[in-house]
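As structure tokens, the structure follows; a few thoughts come after it.
Lettering of chains follows the sequences in order, A, B, ..., and the numbering in each one begins at 1.
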Amino acid sequence: MDLAFFLIQLLNGLQYGLLLFLVASGLTLIFGIMGIINLAHGSFYMIGAYLAWSLSSMTGSLTAAILIAIPLTVVLGMGLERLLIQHLYKRDHLYQVLLTYGLILVFEELRSVIWGDDVHGVAVPALLSHSIPLTENLSYPVYRLAISGVCLLLAAGLYFLIQKTRLGMMIRAGASNREMVQSLGIDIKLIYTLVFALGIALAAFAGMINAPLSSVFPNMGGGVLIICFVVVVIGGIGSVKGALIASLVIGLAETFGQVLVPELAGMVVYFLMAVVLVWRPEGLFGGRS
Amino acid sequence: PSGAALAQQAKLKVGLMLPYTGTFAKLGVAITNGFKLAIEERGGKLGGRDIEYFTVDDESNPAKAPENTSKLVQRDKVDVVIGTVHSGVAMGMAKVIRESGTLWINPNAGADEVTGPLCAPNIFRTSFSNWQTTYGLGKVVKGKGHKNVVFITWKYGAGEQAMGGFKEGFEKEGGKLIKELFVPFPQVEFQALLTEIASIKPDAVVAFFAGGGAAKFLKDYQAAGLKGKIPLYGSGFLTDGVLDAVGDAAEGIETTLHYADGLGTKKDDAFRLAYAKTYKQQPDVYAMQGYDAGQLLAAGMEAVKGNVSDKVGMIKAMETAKIDSPRGAWTLSKAHNPVQDMYLRKVVGKENKVQGVAWKALADPARGCKA
Amino acid sequence: MRSFRFVDYLPFLLFAALALFPLVESTFYTQLLTKILIMAIFAMSLDLLIGYTGLVSFGHAAYFGLAGYALALMGPKYEAVSLWWSLPAAMGICAAFALVTGILILRTRGIYFIMVTLAFAQMLYFVFHDTKLGGGSDGIYIYEKPLMKLGDAVLIDLENLNHFFWLVLVLILLVYLFLRRILQSPFGKALVGIKVNEHRMRALGFPVFRYQLASFTLSGALAGMAGYLAAVQYGFVNPEILSWHQSGAVMMMVILGGMGTLYGPVIGAFAFVLLREFLSNDAWTGIFAKHWQLAMGVFIVLVALYLPRGLAGVLQRFGKKPLEEADDE
Amino acid sequence: MTEALNASRPPASAADTLLEAAGLHTFYGISHILHGVDFAVRTGETIGLMGRNGMGKTTLIKSMLGLVRPRQGIVSVRGVDMTHAETHAIARSGIAYVPEGRGIFPNLSVRENLVMAARANVKGVSEWTFDRVIHTFPRLGERLNNGGAQLSGGEQQMLTIGRALMTNPDLLILDEATEGLAPLIAREIWGIIKAIRASGIATIIVDKNYAAVMALSDRSVVLVKGRVVFSGESRELSDNPDLMHRFLGV
Amino acid sequence: MSEVSSRELAGSISSVAEVVPILRTSGLTKRFGGLVAVSDVSLDLRVGEIHVVIGPNGAGKSTLTNLLSGDLPPTSGTVHFEGRDIAGCSADRVSRLGIGRSYQKTNIFLPFTVFENCRLAAQSRTQHAFRLFHRAPRFRDINDKAEKAMAAAGLSHRADRIAQTLSHGEQRQLEIAMCMATQPRVLLLDEPLAGMGPHESQRMVELIKGLAANHAIMLIEHDMDAVFALAHRLTVMVNGEVLESGAPEDVRSSPAVQLAYLGGEGLLHD
Ligand SMILES: Nc1ncnc2c1ncn2[C@@H]1O[C@H](COP(=O)(O)OP(=O)(O)OP(=O)(O)O)[C@@H](O)[C@H]1O
Ligand SMILES: Nc1ncnc2c1ncn2[C@@H]1O[C@H](COP(=O)(O)OP(=O)(O)OP(=O)(O)O)[C@@H](O)[C@H]1O
Ligand SMILES: [Mg+2]
Ligand SMILES: [Mg+2]
């Protein structure tokens with residue numbers, strides 16, 4: 001492997017890692033910070049992608065589609081939290097697992113009824129549709145780089161929100177003792193509704209801006225679900241920084257895994273997770289208590 | 001009334017075991033549509049008997065395949081099973097079908113084994129074997145003057161078989177498969193391997209992907225700047241059903257398959273028209289395969305005049321039938337896989353335009369078939 | 001005074017009723033029932049972990065599938081193996097695998113535990129999916145079903161669906177009684193204590209790790225029994241039987257049915273399989289059959305919302321006592 | 001000293017009732033805990049709530065805060081019916097709660113525990129600030145970046161009190177606030193309570209140190225098995241060893 | 001096996017203690033990052049003696065308990081129990097050796113009944129653990145121990161209550177009962193009286209007094225009345241270090257202790 005090749009693979013790995021973070025960001029919030037196990041995360045990712053496709057074919061612009069879709073997903077998230085999730089906070093976490101598993105089936109079927117089972121493509125916005133040549137026959141799509149930028153912004157934003165703002169503190173406090181937060185005069189119910197909706201919107205947003213790269217197809221959420229959990233858990237629950245680093249690590253591992261040990265490529269991520277957790281049972285940056 | 005007459009009055013029980021939910025739902029629907037179209041064209045009857053359908057959604061889940069198959073075979077006691085899309089599911093079906101002896105027409109799943117080691121008198125296929133879809137491609141790619149080629153696919157049975165077929169065909173012509181690249185199934189992150197391709201600089205790349213993965217691959221190939229620099233070929237599934245999704249990323253790519261757009265034969269035109277009229281959408285290769293499954297069943301039923309209990313007679317008739325298919329006429333090999341022309345197609349706009357025949361009457365070698 | 005509790009005797013009533021089933025029903029339903037019972041064994045084994053030891057395994061299919069593959073690879077290809085040794089051997093392999101992986105996995109807790117179990121299962125999945133060891137992604141056939149012989153006489157012919165059904169029925173009863181007994185023993189009480197407050201158990205002097213490992217291993221072995229039977233039933237195994245979907249499905253059965261009750265997971269297995277059967281059968285639900293997932297999803301959501309103890313909670317209304325003490329005195 | 005404390009407070013009039021509970025009946029499942037409890041705190045008043053273990057003190061407090069829903073009875077804040085209001089709304093009207101057994105957020109640092117609770121009082125005034133709390137509990141200042149779970153028991157207790165003060169309450173409810181505090185610190189807490197009292201903030205004190213409670217409070221309320229058996233001036237109670245023995249077992 | 005200095009002997013004159021300490025630490029130290037929570041602590045516990053440890057909040061008392069009980073491994077130093085070094089042993093090992101503890105922050109099985117809580121505790125002492133096929137409630141010996149522990153802590157009337165539904169003070173009593181049910185020879189009690197009313201405290205003081213006869217007890221308490229009613233020996237910790245150790249009267253009058261801990265004790269007490 002020569003140096004240029006190695007560097008490009010490094011870039012690939014980092015870029016893929018950022019993409020993973022993008023997809024996992026919503027889960028970081030809902031699962032990592034609020035402590036709700038949301039198996040339907042992938043479904044919201046899929047919904048985002050389908051919204052991006054159907055709205056951009058209506059409006060002719062991905063940007064417009066995203067601007068319309070985000071409020072829609074926020075409303076969807078709020079509705080779900082108020083209607084369903086809210087009733088489970090006091091119960092065993094596993095009922096969240098059950099409920100969100102049910103939601104996967106519901107959303108998948110609704111998707112089929114509303115949008116059908118076809119594979120669709122979404123055009124990259126013209127502004128970002130060119131590539132930067134790297135070697136004589138390889139170039140790098142600008143859109144991918146742009147997404148990486150968005151990911152970094154998101155990561156910084158999330159980190160700031162969770163670690164530095166009072167809202168972030170309230171959310172984290174709510175995950176450990178809701179009653180106490182309420183007794184301090186904080187409407188944790190409302191906050192949780194909003195933050196859950198934000199998490200959903202993030203998942204959907206990931207689906208939207210990823211749609212031009214990944215295409216839009218049935219069950220696309222199922223594939224990302226597990227990897228998102230892996231990211232959040234390897235990083236350490238509750239840590240945005242951990243999630244970011246974990247996604248980069250996984251991105252690199254997968255990239256180099258495919259190139260260096262192609263026979264074992266499928267296993268690499270899980271092997272990595274097993275090693276990390278056996279070595280550090282609380283994830284890379286997890287566990288303050 | 002005699003037993004045969006009684007049998008004549010009863011409906012023919014047809015079991016459809018296809019994916020109706022999940023990734024392959026659309027394929028399942030297309031096959032069902034095609035199949036039913038073939039029956040409708042015969043007045044809704046086969047060999048004088050009405051049809052009663054039994055459907056099972058196999059969810060493309062191989063783990064449930066034996067159970068789902070036995071639903072049709074044992075619960076519903078169907079006379080014939082039509083299915084399925086996913087090769088792994090087909091493997092599970094084969095197990096049950098071979099034990100029960102029920103007639104099975106496979107309208108898609110290309111696992112070589114089905115008409116190889118697992119072949120049986122009651123097992124038929126109207127689609128292709130994975131080997132078939134790429135074997136002829138070897139000659140094509142060599143014919144274009146490419147000597148050193150890279151093959152890329154998912155690491156799973158179908159991918160490996162398609163690669164095997166290509167390798168055999170290509171190396172027979174004197175080409176060299178210099179690298180086999182595998183992406184874990186069903187992952188769709190190709191960037192690392194595209195980079196590797198760029199650094200290997202082969203004369204050409206051959207790919208075997210389908211559905212959402214194919215769409216993503218084509219787009220990534222273009223975005224990485226490889227398109228136009230290193231020619232891309234593939235089995236037809238690479239560009240089937242995804243052209244809407246990929247924009248111009250597939251433009252000009254050549255593939256081989258047993259079907260194509262713009263064949264222009266009378267039969268094909270008629271089929272397309274009828275299908276479009278009935279279902280308000282264009283047929284695809286899957287619909288065509290379903291349609292042929294109907295035709296093959298019809299051939300058998302007519303030969304025995306609806307008396308399915310004459311299994312031997314029916315199988316005989318089906319084995320020797322010459323199917324007038326939209327893809328062009330085909331017959332069955334000894335292992336009950338179509339002996340068919342493989343077309344060379346090229347993506348032009350939103351169509352897989354036929355360029356010619358890559359291989360005339362290609363027969364699967366049916367390795368391991370002892371029947 | 002010992003009051004009559006419906007729930008106590010229900011399993012035995014059911015057992016009797018089920019034993020007669022093959023005599024009145026067609027082969028398919030016998031087969032379906034067999035499959036449900038096998039899943040029920042699988043689910044019970046998981047309940048030992050989730051419901052009683054507080055270890056939520058999201059990779060339990062690993063042990064289920066491993067036993068299937070063990071059977072497929074154990075015997076000569078075209079000769080029947082003896083059930084007498086192959087079943088214990090398969091379970092033994094699973095137990096050993098659970099023991100070894102358990103030592104590593106049990107370092108973690110909570111959600112991390114969930115994910116490491118998943119990781120180990122996925123690694124096993126890819127071993128079978130990506131290598132030719134067990135036929136790769138296409139799977140592998142078991143051409144001859146195992147034989148259960150005593151001397152030269154065939155005791156149970158597993159090719160006979162009814163015999164197989166009865167075998168499974170007896171096994172599930174044994175597993176149920178076995179687990180029930182264990183859970184009422186001091187060992188079982190300690191497991192529940194660990195589930196509730198691991199830290200305190202340790203301070204009280206319980207070697208928590210050993211208890212957990214014992215439970216994990218036992219659970220793995222029982223999952224192996226189920227996996228072995230599943231492989232026998234259809235004579236076919238492929239990597240999907242140890243995929244996370246399978247792990248997820250059995251977990252849903254446990255939660256849906258009601259954790260920590262043993263019979264809850266059995267109910268869950270019945271509900272999960274039968275409901276899907278019913279909803280997706282167009283003979284019953286007509287054009288809605290195509291959208292069975294929707295109805296199934298809504299059902300699951302409703303159970304999660306309104307039945308705080310799963311389906312078993314409905315039954316428990318008949319037996320007056322709450323979860324924790326339901327099984328003693 | 002006790003004399004002086006009591007003498008300095010004129011009896012408050014019924015009009016400025018801050019928090020009032022009337023005829024509360026509270027159940028946990030089928031067990032009937034509170035049997036028609038009447039209870040009121042006036043602006044600026046300090047009340048000692050006493051009773052042996054398990055008599056319903058905490059339950060009464062929780063019932064008034066909406067953390068447990070009474071089955072019967074009315075809770076009002078400043079004359080406004082809040083029986084069915086949400087806990088946070090009740091708290092917002094100027095009530096801060098230091099629960100028994102603490103209730104710090106273990107996953108937040110000391111600083112965050114304090115900062116997240118900061119709020120001005122109903123009039124928009126912030127008398128208690130982060131700095132003032134740290135000044136009051138210097139020990140916390142040394143541990144600002146510790147996680148809540150990494151504090152000693154007493155430090156956790158200080159943190160909970162400090163956090164309650166950060167909300168600038170008009171009524172501070174202290175349920176066993178001195179539990180686990182070293183005598184020196186406990187004395188400081190009593191001192192703070194005295195200061196709080198002097199600044200016009202009303203307090204409800206539940207504590208096992210009956211002597212201190214009675215010395216510091218204007219009125220005492222004693223619960224026995226969910227019923228108010230005594231309600232009146234603290235001195236009345238402390239001067240009557242017989243009552244003390246009957247109700248409190250001392 | 002261990003030399004007993006004359007000073008130590010002198011210190012325990014007031015007690016009925018055996019001469020040989022059952023548990024002794026030397027140079028015990030625990031660091032959390034930069035913070036030295038317990039610093040070079042050497043003390044011993046004798047059967048028949050109540051050794052009270054007091055000190056300001058955050059002095060390291062609970063951490064010391066955690067080191068002795070195996071909840072935390074020490075950074076350095078030794079803990080000798082009956083002559084063998086148990087520093088760094090796991091908590092369950094230590095417990096089985098006969099060192100029982102209660103927690104400052106209530107640590108019980110909330111969804112179980114009071115009886116079941118105590119039964120589990122008693123069970124930990126038996127050899128029945130892996131006898132899988134016997135119903136747990138049939139073990140008489142265990143039940144008896146559990147009953148006794150409940151009675152001692154004054155909780156018998158609550159035997160069938162779910163622990164979660166107990167009041168705070170009752171939960172504190174249960175905490176002690178569970179510790180007792182494991183029948184330890186060394187008792188490490190971390191603020192057992194916290195949360196108990198005067199009445200209940202009184203009973204607990206009697207209980208602890210009674211236990212002293214055949215147990216070695218380390219007691220951490222902030223309730224000075226109880227401390228001086230119980231202590232045979234008093235150790236004052238400040239900032240992780242032992243400030244003073246000796247007979248209660250001597251320690252009480254030490255100016256350093258007055259300043260660091262007691263202050264003008266009793267100001268509000270009377
Ligand atoms: N969650 C609950 N469920 C059922 N019963 C409860 C619950 N919480 C408390 N109880 C019971 O209610 C009664 C009153 O409890 P409460 O906590 O109000 O007492 P308390 O006066 O605060 O006692 P303490 O001084 O011990 O804190 C007790 O008998 C207790 O057992
Ligand atoms: N896990 C930890 N990480 C960091 N610091 C800790 C940890 N646990 C305790 N500390 C610190 O160590 C010091 C000693 O704590 P410890 O709990 O032993 O005090 P204590 O003497 O029991 O006090 P109290 O009387 O208040 O219970 C405290 O300052 C505390 O903040
Ligand atoms: Mg209380
Ligand atoms: Mg302490």
query = Hey, does the side chain of D/H35 reach the backbone of D/R227 with a donor-acceptor pair shorter than 3.5 angstrom?
reply = no
message = Using only atom types and a distance under 3.5 Å, with no angle test, would you say the side chain of D/R163 pairs donor to acceptor with the backbone of D/M158?
response =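 No, because the side chain of D/R163 does not come within donor-acceptor range (under 3.5 Å) of the backbone of D/M158.
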Chain E contacts, top residue of D/E100, D/E155, D/Q157 (heavy-atom pairs, under 4.5 Å) =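 Most pairs with chain E among the choices: D/E100.
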ask   = Looking at D/K57, D/R143, D/R52, D/E176, which has the largest count of heavy-atom pairs under 4.5 Å with chain E?
value = D/R52
Salt bridge flag under 4.0 Å for residues D/E179 and D/K208 =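 No salt bridge links D/E179 with D/K208.
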Part of D/M50 within contact of chain E (heavy atom distance under 4.5 Å) =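 Contact with chain E: none, neither part.
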inquiry  = Looking at chain D, which one of E/E170, E/Q173, E/M196 has the largest number of heavy-atom pairs inside 4.5 Å, strictly under?
reply    =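 Counting heavy-atom pairs under 4.5 Å, the top option is E/M196.
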key: Listed partners of E/E147 passing side-chain hydrogen bond (donor to acceptor under 3.5 Å, both in side chains), at least two apart   =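 E/E147 satisfies side-chain hydrogen bond (donor to acceptor under 3.5 Å, both in side chains) with no other residue.
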ask   = Can you check whether D/H25 and D/H32 have ring centres sitting under 6.0 Å from each other?
value =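 Close enough - the centres of the two rings lie under 6.0 Å apart.
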Chain D contact via E/L35 - which portion, at a heavy-atom distance below 4.5 Å = side chain
